[in-house]
Enquirer: 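Please see the structure below; I have some questions.
Starting from 1, each residue takes its place in the sequence as its number.
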Amino acid sequence: VQLQASGGGLVQAGGSLRLACAGSGDTFSSYDMAWFRQAPGEEREFVAASAQSTRYYADSVKGRFTISRDAAKNTVFLRMNSLKPEDTAVYYCAADRHYSKQYYSDRRYDYWGQGTLVTVSS
């Protein structure tokens, strides 16, 4: 199983980006999928997850970010609107073939993408 993240870049505050995470090696429709991020000097933190048709968000991104899936493309997306400088980080996608209520814990995910850098300028 492999995950390939893409879509990062430089954007001004208030702008938008859409990240994509393409999976290969299995069908991801039943997997729990998530996005995490890690800012310089900080620990990796939960951003959003999609598990059993339910979406979860960190409070810091709720109302601005949307996680979605395209089963036909085996891809999960993270649409990020109203970006803020504090959203600057490397964003990672993650996958787990088993359902868990601990969607926010990075330790439970088995597969990780390589990360894509998002930089939001003020």
Enquirer: Taking all atoms of both residues into account, what is the closest heavy-atom pair of D87 and S82, and its distance?
Expert: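 Minimum heavy-atom separation between D87 and S82: OD2-O, 4.4 Å.
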
Enquirer: Could you walk me through whether W35 and F65 pass the side-chain contact (heavy atoms from CB on, under 4.5 Å) test, one step at a time?
Expert: CA-CA 11 Å; W35 288 94; F65 290 12; over 6 Å; no

Enquirer: Nearest heavy-atom pair of L3 and C21: which atoms, and what distance?
Expert: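 Looks like CB-SG, 3.8 Å.
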
Enquirer: Are W112 and F77 connected in the hydrophobic side-chain network, where two residues link if heavy atoms are under 4.5 Å apart?
Expert: no

Enquirer: What residue pairs, at least two apart or across chains, pass salt bridge (charged side-chain N to carboxylate O under 4.0 Å, His left out) with a residue in residues 19-30?
Expert: D26-R97

Enquirer: Y31 and V76: side-chain contact (heavy atoms from CB on, under 4.5 Å), yes or no, with the steps?
Expert: CA-CA 11 Å; Y31 278 54; V76 62; over 6 Å; no

Enquirer: Drop me the distance from R79's CZ to S16's OG, to the nearest 0.5 angstrom.
Expert: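 These two atoms lie 4.5 Å from each other.
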
Enquirer: Please identify each residue that fulfils salt bridge (charged side-chain N to carboxylate O under 4.0 Å, His left out) with R18, with sequence neighbours left out.
Expert: none

Enquirer: Say whether, by atom type as modelled, one donor and one acceptor occur between the side chain of N74 and the main chain of F28 under 3.5 angstrom.
Expert: yes

Enquirer: Check whether any side-chain heavy atom of M80 sits under 4.5 Å from a side-chain heavy atom of V11, and report yes or no.
Expert: no

Enquirer: Closest approach of I67 and S50, non-hydrogen atoms and distance?
Expert: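 Distance-wise, the nearest heavy atoms are CD1-N, 3.7 Å.
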
Enquirer: Would a 4.5 Å heavy-atom cut-off, applied to side chains only, mark Y92 and L19 as touching?
Expert: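 No. Closest side-chain heavy atoms not under 4.5 Å.
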
Enquirer: Return the minimal non-hydrogen interatomic distance between S60 and R37, and the atom names on each side.
Expert: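 Closest approach of S60 to R37, heavy atoms only: OG-NH2, 3.5 Å.
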
Enquirer: Parallel, tilted or perpendicular: which describes the rings of F36 and Y109, with under 30° parallel and over 60° perpendicular?
Expert: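 Rings of F36 and Y109: perpendicular, over 60°.
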
Enquirer: Looking only at heavy atoms, which two atoms of A51 and Y56 are closest? And how far apart?
Expert: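 Closest approach of A51 to Y56, heavy atoms only: CB-CE1, 4.2 Å.
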
Enquirer: Tell me, please, which residues at least two apart from K62 pass side chain to side chain contact (heavy atoms under 4.5 Å, CB included).
Expert: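 Only Y57, D59 meet the side chain to side chain contact (heavy atoms under 4.5 Å, CB included) criterion with K62.
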
Enquirer: Might you confirm whether atom CD of E86 has over 12 heavy atoms from other residues, nucleotides or ligands at distances under 6.0 Å?
Expert: yes

Enquirer: Can you give each donor-acceptor pair under 3.5 Å made by side-chain atoms of residues 113-122, sequence neighbours left out, with the distance rounded to 0.1 Å?
Expert:
residue, atom, partner, partner atom, Å
Q114, OE1, A5, N, 3.0
Q114, NE2, A5, O, 2.8
T116, OG1, G8, N, 3.0

Enquirer: Do you know which two heavy atoms are closest between V47 and V61, and how far apart they sit?
Expert: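 Nearest heavy atoms, V47 then V61: O-CG2, 3.5 Å.
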
Enquirer: Taking only residues two or more places apart in sequence, or in another chain, which ones meet D106 in a salt bridge (charged side-chain N to carboxylate O under 4.0 Å, His left out)?
Expert: R44

Enquirer: Could you check if a side-chain atom of M33 sits within less than 4.5 angstrom of a side-chain atom of C93, using non-hydrogen atoms only?
Expert: no

Enquirer: Enumerate donor-acceptor pairs with a distance under 3.5 Å from any side-chain N or O in residues 98-105 to protein atoms, sequence neighbours excluded.
Expert:
residue, atom, partner, partner atom, Å
S100, OG, Q102, N, 3.0
S105, OG, R107, N, 3.4

